[in-house]
Amino acid sequence: MSILLHITLILAVALLTVPLARYLKLPAVLGYLLAGALLGSGIFGLEIEATLYSMLVKVSILGLLFWVGLQLPPQRFSQMPQSAWISSIVLVFGSAAIFSVLAALCLQQNLVTSIMIGLAASLSAMTLSIQQLVRQDQLNTSHGQLSYNNLLIQALLLIPLLAIIPLFSGVNSTEHGVAYFAAIMATFTGLFLCNRYLMQPLYRWIARSQSHDLHTAVALLVTLGLLVLMHTLGLNLYLAALFAGILLADSDFKPHIDQAIQPFRGLLIGLCILSLGLSIQLADLLHRPGLIITGALFLILGKFALSLALARYYRNSWPSSALNAVSLAQGGEFGFIALMMALNYRILELSLLSPLLAMLAMSMLLSPFMYWLLDQQILPRLHRQHYLVADFEQQHETLSSTPILLIGFGRFGQIVARVLHQQGLQFSVMDNSVEATELLQAQAIPFYQANATEVSALQLADIASKQQVIVAIDDIEDSLQVVRYLCWNYPELKLWVRARDRHHAHLLHELGVTQIFRETYWSALELTQAVLAETQQSTEQAKQTITAFRLHDEMLFQAQQHAEPGSAPLYEQHHSSMAELDHLFEQDQHGQKPQPPLQQQ
């Protein structure tokens, strides 16, 4: 079978598994990992040629390391807190020591091989963890930034790791000895200075050309030039790709490079993960399942425990520490690279490669499930019990004394809370978001971490003592459920309710709510008023035009609520938002057009 046909089949399988992973709401890298495992297992009767496999591994690792280098601008590391550096270094070398001992005892390996296995297992999956945090929209949270800093420092530690692997080898080559390690450090220092003081003017001159083709050409020139230089000096090519990314990340040219490689970034990462899957032999999974499963669990639990202890030592909260620990608990692509290099330098036996990679792959497959279990199931239940039972008895007097309760702390509720807090009004907040806990506690704002749709939560919040309740829940069904309960059981309570759209406002009106505020309605009118004032009307005329439209729209809203006996309200007769909008446009045309006031002569 030709190499071209092999490549076609590999891409075809990846095009099936990656969309499947996205459909299951999993990181895309797991789709590539599954594709590689299926192709490498021989299920499709496909045997990857050694030449193609070797080429795929080398190209994918070079591409991945180039991308990793782009994530390592030197100025970012100077901004990291000291605690991030210490915890990352302790995590890597502490877990490496633990796994090295386990490798020596359980796998009966010599000291050098055990150390290499321990170092490979200590490195986390940068691509998987970042995709997981981005997918959960948690990269900018406290635990997201904590994990991201740890991953970046681990990527930086990859440089000395790749440099010292030849030192462990007994192979006689130029890539051996202390002189080799010193040559790498000297080369990197010289390239950094050359890039900073000689290449920067070239980057700026090319950037002024406004040619995107030249941007890509410069990236290729720098990368290939470093590969040639490293090869000439007898240094490792993987380090050349990593250095190329770092040098470009340290330049004003980085945004152009990011834009140029954006369409290929996912493929570069995916090919490396796919190569990891191809390296796993199905026979090893069938013959030694106990060893592989036990090794994967030890890897996850060991790194999770150590990461959790370090985060708590630096006084991070329990939720933040736990989520950070589970984000770093798996093995990953850095371990794959380290093991492949160890194999090339005869530090690792070929018979051990597949089981070790299977452990890394299994830890990656388990990682999203563990993150979901902790983030969506365990932590919310623990926090809800903590705030509704334990802390409630201590804070009951404070919580009951707040006359205003804000239900919902999303983008709408946060603006309301800011204004109330700025004006010094006493209020409490109810939301099921874990992230809001520390923020509100820091501002001395009483907070119920609970689901407002549950009657017990509202009763524990002493809803009967409240004078005003602001319902700012994003979900329409949950909002209606809460408002319905409050209207039926506390008719004297003053309600202020956010409506997602016009239909939601109609449903709230039917429940007897009078203070309804449609989301985006006021901001849209404010924007329109500014446009009218800028184009064809004075500021006062634009204000009166918008006021007249509001009155017209309010009359139309009231008219839609009423219907002839035996017929449904008018808004229910429109089965789609577009149908209702068509009706509103027609009514706007037939209605009286607001007339601007006469100008004084």
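Every heavy atom of this structure was used, including side-chain atoms; hydrogens, water molecules and symmetry mates were not. One-based numbering along the sequence shown.
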query = What are the two closest heavy atoms between N324 and S307, and how far apart are they?
reply = ND2-O, 4.4 Å
ask   = Closest heavy-atom contact between L152 and Q71?
value = CD2-O, 3.3 Å
query = Taking all atoms of both residues into account, what is the closest heavy-atom pair of N149 and P81, and its distance?
reply = ND2-CD, 4.5 Å
query = So which heavy atom on N316 is nearest to which on R312, and how close?
reply = O-NH1, 2.5 Å
task = Could you tell me whether the side chain of S122 and the main chain of L119 form a donor-acceptor pair under 3.5 Å?
result = yes
ask   = Which value, rounded to the nearest 0.5 Å, describes the distance between I115 atom CD1 and I164 atom CD1?
value = 8.5 Å
key: Euclidean distance, S275 OG relative to Y32 OH, rounded to 0.5 Å   = 11.5 Å
task = In sequence, state the C-alpha distance, the side-chain angles, and the governing distance for Q281 and S354, and then conclude on side chain to side chain donor-acceptor pair (under 3.5 Å).
result = CA-CA 6 Å; Q281 301 298 320; S354 179; 5.4 Å; no
key: side chain to side chain contact (heavy atoms under 4.5 Å, CB included) evaluation trace for L20 with L16   = CA-CA 6 Å; L20 177 63; L16 293 176; over 6 Å; no
message = Could you tell me if the side chain of T17 sits less than 4.5 Å from the side chain of L38, heavy atoms only?
response = yes
ask   = Which residue pairs pass the ring pair (Phe, Tyr, Trp, His ring centres under 6.0 Å) test when at least one of the two sits in residues 81-101, sequence neighbours left out?
value = F77-W85
key: L352 vs Q109 side-chain heavy atoms within contact, under 4.5 Å   = yes
request  = Go through the side-chain N and O atoms of S279 and Y53 and say whether any donor and acceptor fall under 3.5 Å apart.
outcome  = yes
task = Could you tell me whether a side-chain N or O of S363 sits under 3.5 Å from a main-chain N or O of A296, the two making a donor and an acceptor?
result = no
message = Could you check whether any side-chain N or O of Q131 sits under 3.5 Å from a backbone N or O of A28, counting only pairs where one atom can act as donor and the other as acceptor?
response = yes
task = State, yes or no, whether a side-chain contact exists between I98 and K303 at a heavy-atom distance under 4.5 Å.
result = no
ask   = Given side chains that start at C-beta, do those of V13 and L34 come closer than 4.5 Å, heavy atoms only?
value = no
E333 side chain near L276 side chain, heavy-atom distance below 4.5 Å = no
ask   = Rounded to the nearest 0.5 Å, how far does CG of L343 lie from CE of M116?
value = 11.0 Å
inquiry  = Y371 vs Q138, test: side chain to side chain contact (heavy atoms under 4.5 Å, CB included). Steps then yes/no.
reply    = CA-CA 12 Å; Y371 192 95; Q138 295 179 353; 2.3 Å; yes
Other residues, nucleotides, ligands: >12 heavy atoms within 6.0 Å of Q376 CD = yes
query = Looking at CE of M126 and CG of L64, how far apart are the two atoms once the value is rounded to the nearest 0.5 Å?
reply = 9.0 Å
message = Please find the pair of heavy atoms, one from G94 and one from L306, that lie closest to each other, and give the distance.
response = C-CD2, 4.0 Å
query = Just how far is it from atom CG of L271 to atom CG of L62, taken to the nearest 0.5 Å?
reply = 11.5 Å
task = State, yes or no, whether a side-chain contact exists between N150 and L146 at a heavy-atom distance under 4.5 Å.
result = yes
message = Could you walk me through whether L323 and L379 satisfy the side chain to side chain contact (heavy atoms under 4.5 Å, CB included) test, starting with their C-alpha distance in whole Å, then the side-chain angles of each, then the deciding distance to 0.1 Å, before giving a yes or no?
response = CA-CA 9 Å; L323 291 174; L379 288 179; 3.8 Å; yes
ask   = Would you say L158 and L65 make side-chain contact, with heavy atoms under 4.5 Å?
value = yes
ask   = Where the side chain of Q330 meets the backbone of S124, is there a donor-acceptor pair that is under 3.5 Å apart?
value = no
key: Verdict with reasoning, V92 to L161, per side chain to side chain contact (heavy atoms under 4.5 Å, CB included)   = CA-CA 11 Å; V92 170; L161 174 60; over 6 Å; no
request  = Without swapping roles, check the side chain of S87 against the backbone of A84 for a donor-acceptor pair under 3.5 Å.
outcome  = yes
ask   = Do L274 and L33 come within less than 4.5 Å of each other through their side chains, counting heavy atoms only?
value = no
request  = Locate the shortest heavy-atom distance separating A121 from L299; write the atom from each residue and the value.
outcome  = CB-CD1, 3.9 Å
message = If you count heavy atoms of other groups shown closer than 6.0 angstrom to CD of Q82, is the number above 12?
response = no
message = Can you tell me how far apart CD (Q108) and CG (N110) are? Round to the nearest 0.5 Å.
response = 11.0 Å
message = Quick one: does any side-chain atom of S100 pair with a main-chain N or O of S114 as donor and acceptor, under 3.5 Å?
response = yes
